[in-house]
There are 2 protein chains.
Amino acid sequence: MDDSLTSETGTNRARWKQDPEGVRADILAVALEEFSRNGLSGARMDDIAAKTRTSKRMIYYYFGDKEGLYRKALEAAYKKVRKGEEELDLEHLPPKAALERLVGFTFDHHRKNPDFIRLVMIENIHHGRFLEQSDAIKKLNEAAISQIRNIYDKGVRDGVFRAGLTPLRIHWLISAISFFNVSNARTFSLLFGNDLQTEAGQACLSADACQTVLKFVSKEG
Amino acid sequence: MDDSLTSETGTNRARWKQDPEGVRADILAVALEEFSRNGLSGARMDDIAAKTRTSKRMIYYYFGDKEGLYRKALEAAYKKVRKGEEELDLEHLPPKAALERLVGFTFDHHRKNPDFIRLVMIENIHHGRFLEQSDAIKKLNEAAISQIRNIYDKGVRDGVFRAGLTPLRIHWLISAISFFNVSNARTFSLLFGNDLQTEAGQACLSADACQTVLKFVSKEG
DNA sequence: CGCAAAATGAACCAACTGGTTAATTGAGTC
DNA sequence: GACTCAATTAACCAGTTGGTTCATTTTGCG
C-alpha cells in the first residue's frame, strides 16, 4: 500500500529505501495470515515471501527460520488481541452487569479475531510447543483472571453470586463458549446447518452465552 | 503385532499372506494417529508407511493419494466415535436426569477420544473441506439433535425446562464445553496453570458442565 | 569523501516428499 | 496345472520447499 517501490522518481530503475521496522512488520503481518490460514507445516515460505513487499531472503535475515517466524507471529497475534481487551472498563459496574458485559465483549472479541483463534488452534495441535517457549505471552493472561476475580469477589460479597467457585473456572467457561463459537463454526455448520452462523443466530448465541454464565455464577436463577 | 511376516516358516525369505481387509484397517489406524498428531500437511506418507505392517505402495493402492487417505481416516474416526455414543439410553429417565447424564457422558466421551477431537480441529483449520465431501458423516449427527429434542420437549411439557430454546442451541452448548476442554487443554494449561487438567480438576469441570447446562435449560435455578 | 556495517535482491541448491513404475507372488478357477 | 487377477514389494523419480550464497545498495559516520 505504501510506496518505496511505487515511487518511480528519478532513474528508470526504482531506488529503494531502507525501512527495517517496516519490513519486519510487513513480514509479520503476512506470516500471521498465512500461518493462520494454512498452519505451520501448511504455510509455504515462498508464498509468504511473495505476498510480502520484500523478499524471502529478508525473512531469514530477520527471523532466522520458519519456526522463528511462526513464533514471532504467534507472539504478535497474542499482543494484538490482548491489547484490544484493554479498552474494557468494568470496575464501576455492579457485578452482574460487569460479568454480563465481559461475556458479551469476549464473545464478540473472539468473533472479530478469527485469525488469532486459528493460531491458537494450530498451537494446540502442536501441543503448545511454541507458546511454551514464549514467556512474554504467559504474562499477558494473568490480567484476565484477576479481572474476573474482582468481579466475582464483589458479587459474592454483595450476595448475588454463589460462593465456592473460582475465577479460573468462570474464565474457562467464558473461553470455552466464545472460542468454540469461532473455532468449530465450520464443521458445526456442515453437520447441523448454518442457522447459528447467521447474524441472527450469532446474536442469539451471544445472548445465550451471557445467560449461561450468569446463571452458572448467580445464587438463584 | 500379528505375524504374516514374523512367521519365518519355510524358506529363509518369509512368505506373506494376503489379507486385504487387515491391511486396509492397519493403514487406516496408523493414518488416523499420524494425521491426528501432525495434521494433514504435517503428516508424512513415509512415516505412515513405516509404522504400517505393509508398504507405502499399498497406501496408494488402496487410498489413491494422501487426501484420499485423510478423508477415509476422518470418516473412520467419526464412525468410531458415534458408535461409542449409541450405548447411551436416556428414554426412560426424567428430563433433568437425562440431560445431566447426557452432558456427563459427552464430557467424558470427548475426553476419551482426543484423537478424534484433534482431527475435527484439523478439519476446521482446513475449513471443513473434507468433511464437506463426506455425506456419510453428516447423517450420523442428526441423531444427536433428535435425542436432545426428545429430552427437551418432555422437560418443557413437564414444566421443568423453560420454553423458547432449541435443541440445536442446547447441543451447541454441550459441545462447546466438552470440546474446548480437550481441544484447548494444552494452551489453557500453559497460560493458566495445570490445575484443571488434573483428575480432580476434570471432575470439577465435569460437574460444572452439568450444572451449567442444567441451569441454562431449567425454569428456575 | 571514504569506509564499514546494515539491509536488500536474485539466483541457486540439497534434501525431502508425494507419487509412480515395473516386476513378483498369492489365490481362486475351469 | 495352466491361467488370470488381485495383492504386494523394492527401487525409483520429479517437483517442491526450506534454506543459503554472493553480490549489490543504502546508511551512518569520522
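So you know, we letter chains A, B, ... as the sequences are listed, proteins then strands, and number each from 1.
The OH atom of B:Tyr61 sits 12 Å away from the P atom of D:dC5 (whole-angstrom rounding). Atom CG of A:Asp26 is separated from atom C1' of C:dT8 by 14 Å (rounded to the nearest Å). Rounded to an integer number of Å, the gap from A:Asp47 CG to D:dT16 P is 12 Å. Between the CD1 atom of A:Ile59 and the C1' atom of C:dA10 there is a distance of 15 Å, rounded to whole Å. Rounded to whole Å, the distance from CZ on A:Phe63 to P on D:dG18 is 16 Å. Distance CZ (A:Arg24) to C1' (C:dT8): 15 Å, rounded to an integer number of Å. Spacing between atom CE of A:Met58 and atom P of C:dT8 amounts to 5 Å, rounded to whole angstrom units.
A distance below 6.0 Å separates the ring centres of A:Tyr70 and A:Phe35. Less than 6.0 angstrom separates the ring centroid of A:Trp172 from the ring centroid of B:Phe180. Between A:Phe116 and A:Tyr78, a ring centre-to-centre spacing shorter than 6.0 Å is recorded.
Relative to the ring axis of A:Tyr152, A:Arg169 does not place its NZ or CZ within 45° and under 6.0 Å from the centre.
Applying the 4.0 Å criterion to OP1 and OP2 of D:dT9, one finds that B:Ser55 has a side-chain N or O inside that range. Contact check, B:Tyr62 against D:dT8: a side-chain N or O comes under 4.0 Å of OP1 or OP2.
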Sub-3.5 Å pairs of nitrogen or oxygen atoms, protein against nucleotides 16-19 of chain C:
from, atom 1, to, atom 2, distance (Å)
C:dT17, OP1, B:Arg44, NH1, 2.6
C:dT17, O5', B:Arg44, NH1, 3.3
C:dG18, OP1, B:Ala43, O, 3.3
C:dG18, OP1, B:Lys66, NZ, 3.0
C:dG18, OP2, B:Met45, N, 3.0
C:dG18, N7, B:Lys56, NZ, 3.4
C:dG19, OP2, B:Tyr60, OH, 3.3
C:dG19, OP2, B:Lys66, N, 2.9
C:dG19, N7, B:Lys56, NZ, 2.9
C:dG19, O6, B:Lys56, NZ, 2.6

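Out of D:dT21, C:dT21, C:dT8, the shortest distance to the side chain of B:Arg57 is found at C:dT21.
Donor-acceptor pairing under 3.5 Å is recorded for the side chains of A:Asn194 and A:Ser189. In this structure, a donor-acceptor pair under 3.5 Å is absent between the side chains of B:Thr187 and A:Glu123.
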